[in-house]
Amino acid sequence: MRTIKTLALLPLVALIACSDSGSAKRTGSPSLDAPVTPQWISTEGADRVSGDVTPTSLRVLQLPEHQPDAMIQGADPAPSRTVFQAEKPTIPQDSREFRVVIPPGSNQTTAFPIDAPQGARVIVSVAERGKPGAARLNNIHLRELEGNKVLDLARDSQSTLPVRPRAKPGVVDASPEAEATPVVKQIDTTTPVFEEHDLKELVKIDPALAQLAVPRRMLSVDVETKPGFVYVELPKAALDVGVMIEVQQPKSNIKVHAEADQPFHVFGDTVEIDLHVTDAGAVVSEVEFNGFLETPSGQRIDGLTIKPSRDGHHVATVPIVSAEAKHVGVWTFRGTAKGKTSEGIAFQRDVEATFGYSVTFARMAQVFTPMVNRGEDGKIDAVQVDVEIDSVQAARLGLHGTLVYKDSEGVEHPVAVAQTGQDVSEGTNVMTLVFSSGALSIAKVDGPFFLRDLALVSHSNASTQHRIGLGLLQQTSAIKASELRPMAEIPASVQESIDLGSL
Amino acid sequence: MRGTLKTLVSVLAASGTLLMTGEALAGKGGVVFVHGTGDYPGANTNGTYTMSCSGSGDSFYCQAAPSSDSGKNAASAYWAKGTSDSMLDAVRKRTDGSYRPYAITGCYGAARMPWGNTSPINDNDSSTTGESGSADCVASQIERFVMGPDGVYGTADDITDLVIMTHSGGGNVLRYILSQYTAKTSYSRVKTAAKKVVTMTSPFKGTYLANWVFTSGSLANFINNTLTFFGGSGLFNDDGTKFIQTGQMNLHNADSSKLVSLSNPVNGVTLRSGFGTYPDAAIWDGKTLCGGYEMQAGLNLLHRWYLSQTDSSTYRNGCSDGFLPCQSTGAMGQVFLGSTSNATAAKYHSHHQTRRHKTGCSCGLFASSSCYDTSAAWDQKVRNEVNGTTMAYTEADGIGDAADVASGKWDACGFATTGTVSYSAYGRTSFTTPGCPESNLGNGWCDWDCFAAYGRDAVPTWVDPNDHSKGVASWGADDCKVISTSKFSYEGTNTNSAQQNYTEYTIPGPHRAGTTIKLGTTSTGSCGAALEGEEGSGDTYLRLFYNGTQVDFNDDAEDEVSSCLGTGTQAYLSYLTYTIPSGSTSGTYTVRAGCFGSTTCSGTVAVDNVGSARNSVYSPNFAGDLNGNGYTDIVEYNDAAYCPDSWSNDGVCDECMLAKQGSDGNDCRPGAITACYGLGTDGGDFVAATATMYNPIGWLPPSSTCGNGMCESNECSTCASDCAGLCN
């Protein structure tokens, strides 16, 4: 059984060392005060908010080689005029766009739906670089699948005007008095009126232009048409090497939505990704989803389970039980929705959703009541928070925390942030956050201050091991701003932040 | 393991972070330049991060260990050190004219994420499991600079008053160092010395273009290559770009182990943010040459094709610098230049130009003059940031209003001049291309050719009246100018058809006789009454007043535009046009927006106050079937509307694209034009009222003649004198 006294005093000693070397001045022996009887509080069963990371088990992970480094502690004033948010919600993704990939070697193009033709654009790229002559895009068109009508006014060898040398400048009288003659010339898209001409050598992308070295061309829906399936007629040379078609429909009201249930997950979690399509805000029921996962290193995982859930929604279920280092990081779900609206209009959309994944090897086991450290003159030197860490392996860890105050309406505002970086060994360790009075004093507000955003991170592999947004609902004793010992000398960065109005 | 008092004292003494004030005594200032996404490791390709330092006092300078491969050196490859394009010296300059010590870091910004990565795409770090982060490299190099000339930390010559200036992806590297400053001693020393960080166009929320690279599946490699010019490394399918996908940045910005939040300051260090808002590529606009027109044309194209879309979840609202959306670059830090609104009309700087010297426009064609307006003198703003708010540095700008690129320099198509094209088409044997003789400029007619060749139709005041190739110093009134476009939103109920409870809006002036005011709320424009940005729901009602007297009104668009008749909800939205008569120009025009009868409605009213009584070119939207006869209408005289997106960057330089947007991808890039399509008449001259206009008529550019002052086809590599400033 751990003894409270010993654990509480250790960080206090550290603070004395800091004060002796830095700005916080101390007179005589210190004293401690707390709002309640000081005690260790277990993190088990802590209240959770979105964005928290809660280890369910600790597993040894292959970490990068570690170079021993000093323990580093620090505290800084926070922008107290802003509102503190303990929650870190997921950010839903939506999209009106989609891509069609025609793999190399296909002998035919692919039809796809356009649901909002007006203003729609189709960008065609060929998977070829440095061989501009092999797969030109000078003769491509967007056509209706039904009726084969050409929808773009892109120039090609059939529809372009003759190109001839231009004569030297002559003289033309374009006096203001001359009335302009509005003339409307019409294209009959089914019977091209233009003369035959070979523009092959002209309508191509200059290979010297690095940013456009890939044969790529935009086709726009330039003539009126109804929603329906279309295709891009493509030359064999392009189909041989592969083509990507991107479809933009800025006027469309159809969007696909995707959102993971939580932003961060740990070993053993089952991630659920909500998927649905809306048409002008109303959920579309006739829709089918397909998708795959992409690991942090870019590996593709197929075979994802996507099932209908409720009210036209679908859910992709992703159980993760990997303890491999290569799987720590951001995972991406990439999906495609295909279906029809209630009016029978076919659509297609791409969407993605991301979630973070950690394999936890360390956790915060207990947190000691925030302690207010006063000098003999009664002035406050710091607020300190001890945290007991369990780790199954040696690593470089960081402990972060925020103290907030509540305004008269109960809204929380950050006052100071503190963090500690420390090499820990396998087993039980103690890390301490020290919120210096100097950092706390800048906001000029009274306490009590409430502990929030308590997080244990691994600097060894840049992953969050444990985060408790509500900080176990811990708080300091009542504190008056006048009790905080101010900084003896304000650091340049803090003074600059004050001058700039960010503090 | 619990320590002892003795142990902890020694540990803390070694730590820089808690010594918040003790190290600031000397107060020696310095500037560090941290590059963005791109790999510039210098000679540090073996896992070390050494800096090469020299000099003392103000001449103290460090840079990542130089490599014989200049492409790996950030100093030259990223910051253009030693050239007139470089902003390094301008930013280092103190108010008294002396220069600060400085350092230029060089690390793997494209191949690596800021943080250590155990799941890299291409593991290029053999020193550890996975890859170490680029932040380790940046922090260790800055730490060396902070140590001062003696290379020892904690001595009198340390740099203790540090401003860190970074561009693009470097902003997130600095955020990580400051957010996790207790991870390493080098991080904490950077944080302790840093007074502030000045970020230039950093992807705080990522960019859709990174999504684009990584969502192309098996075709990622070739798409990736289209972006190589941003970093010059060819590694844009690597981790340094991967992590700035918008969906990934959403997580990194909330992850306690990475960037924590978008809150500012970051652990006491304030970030100041500046960013460009439009990658202008108008060829006749001299400032587009700064930093290289090729880059500018590429960024403009990326903006038009990808970033001009509107999509909230990828932070696109039509405003970008060509690489990053404004809602990302402006998402964090105190903004000192830039706007996150849809600011496509605010032609500030492109992504590439925001790391280049601008004041005096020394990088353009007119090295001895200037081509930037004072409000956007980028490097001066940055310099003031480095000098600090209490030491704001000012200097005479000496900047003129314009020093535009004369068409005689770049117009290989001859859009500005008259000529003939002989062949058989439309039943004719020859056509005249009217061009824009100088006599046409500002002659009272809005001339399409003038707009394409000069970007305006106005009387020029030449820099040198005897040598027009030196450009234009200023312009007179524009025959084609759109005086103003604006919009306002409203919600109304029980307005008695905009006679009570209405929303009133004053139309910005000036007002000119014969110009047209257009108002509308029609949402989609499907009935042909579309203005940019308008939308509405319900039964809107608009009234137009001049000095308080109603001069026009509209309830339903179908009453104004026949094609709106019977188009459902569109028909009940509103649209009106009003031509300003003589004698009614000095007063105030106001709009009263409401709803029919006592109904409830809402709308965003777009207001165009369109200049030129004659033949306005302002008609930028898709024309389509103008008269509803089932055919696509292709041209109306002096109307640039027929210029479909399908003609963008398709290999032919289109005069209509120049008239509409000043550029046509790379099709009109000087030295690379292969074919020209422009306006032509079949009658040989304009005067005859029977002349028929065609858009387009095609012709080939003339053969190259080196030394004639014109940068013609293929002359970029063969005739430097004609193409100076146009081809880089």
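Within every chain, numbering begins at 1; the chains are lettered A, B, ... in the order of the sequence lines, protein sequences first and strands thereafter.
- For the atom pair CD of A:E324 and OG1 of B:T118, the computed distance is 10.5 Å after rounding to the nearest 0.5 Å.
- A distance-only check finds no donor-acceptor pair linking the side chain of A:Q93 to the backbone of B:G247 [under 3.5 Å].
- Between B:D650 and A:R217 a salt bridge is recorded (basic side-chain N to carboxylate O distance below 4.0 Å).
- Here A:Q495 contributes atom CD and B:K195 contributes atom NZ; the two are 10.0 Å apart, rounded to the nearest 0.5 Å.
- Taking 4.5 Å as the limit, some side-chain heavy atom of A:Q62 sits within range of a side-chain heavy atom of B:T129.
- A 4.5 Å side-chain heavy-atom check between A:S458 and B:S257 finds every atom pair outside the cut-off.
- In terms of non-hydrogen atom pairs under 4.5 Å with chain A, the most contact-rich of B:A183, B:G116, B:S439 is B:A183.
- Chosen from A:E294, A:E97, A:H327, the residue pairing most often with chain B at heavy-atom distances under 4.5 Å is A:E97.
- B:S256 places a side-chain heavy atom less than 4.5 Å from the side chain of A:D453.
- There is a side-chain donor-acceptor pair under 3.5 Å between B:T185 and A:D69.
- A salt bridge does not link A:R467 to B:D255: none of the charged side-chain nitrogens sits closer than 4.0 Å to a carboxylate oxygen.
- The two residues B:G268 and A:D76 come nearest to each other via the heavy atoms N-CB, 3.9 Å.
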Practice prompt. Apply side chain to side chain contact (heavy atoms under 4.5 Å, CB included) to the pair A:I123 and B:Y306, showing each step before the final yes or no.
Written response: CA-CA 10 Å; A:I123 299 171; B:Y306 297 103; 3.5 Å; yes

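- Proximity of B:N264 to A:T82: side-chain heavy atoms (C-beta onward) are nowhere separated by under 4.5 Å.
- Proximity to chain A involves both the backbone and the side chain of B:K184, based on heavy atoms less than 4.5 angstrom apart.
- Counting heavy atoms from C-beta on, the side chains of A:M218 and B:W647 never come closer than 4.5 Å.
- Of the inter-residue distances, the one linking A:L500 atom CG with B:T270 atom OG1 reads 5.5 Å to the nearest 0.5 angstrom.
- With values rounded to the nearest 0.5 angstrom, B:T182 atom OG1 is found 3.5 Å from A:Q419 atom CD.
- A donor-acceptor pair is defined here as one N or O able to donate and one able to accept, closer than 3.5 Å; such a pair exists between the side chain of B:K242 and the backbone of A:P296.
- Side-chain contact between B:W305 and A:E246 is absent, with no heavy atoms from C-beta onward closer than 4.5 Å.
- With A:K88 contributing its side chain and B:S261 its backbone, the two residues share no donor-acceptor pair below 3.5 Å.
- A:S297 and B:P120 make their closest contact through CB-O, 3.9 Å (heavy atoms, listed as atom of the first residue, atom of the second, distance).
- Note: B:S313 OG to A:R96 CZ = 9.5 Å, rounded to the nearest 0.5 Å.
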Worksheet entry | Pair B:D645-A:R121, salt bridge (Lys or Arg N to Asp or Glu O under 4.0 Å): steps then yes or no | CA-CA 8 Å; B:D645 284 348; A:R121 309 194 301 186; 3.5 Å; yes

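- Closest of all the heavy-atom pairs between A:S502 and B:P265 is O-CD, 3.5 Å.
- Residues A:D222 and B:S646 have side chains that bring a donor and an acceptor to within less than 3.5 angstrom of each other.
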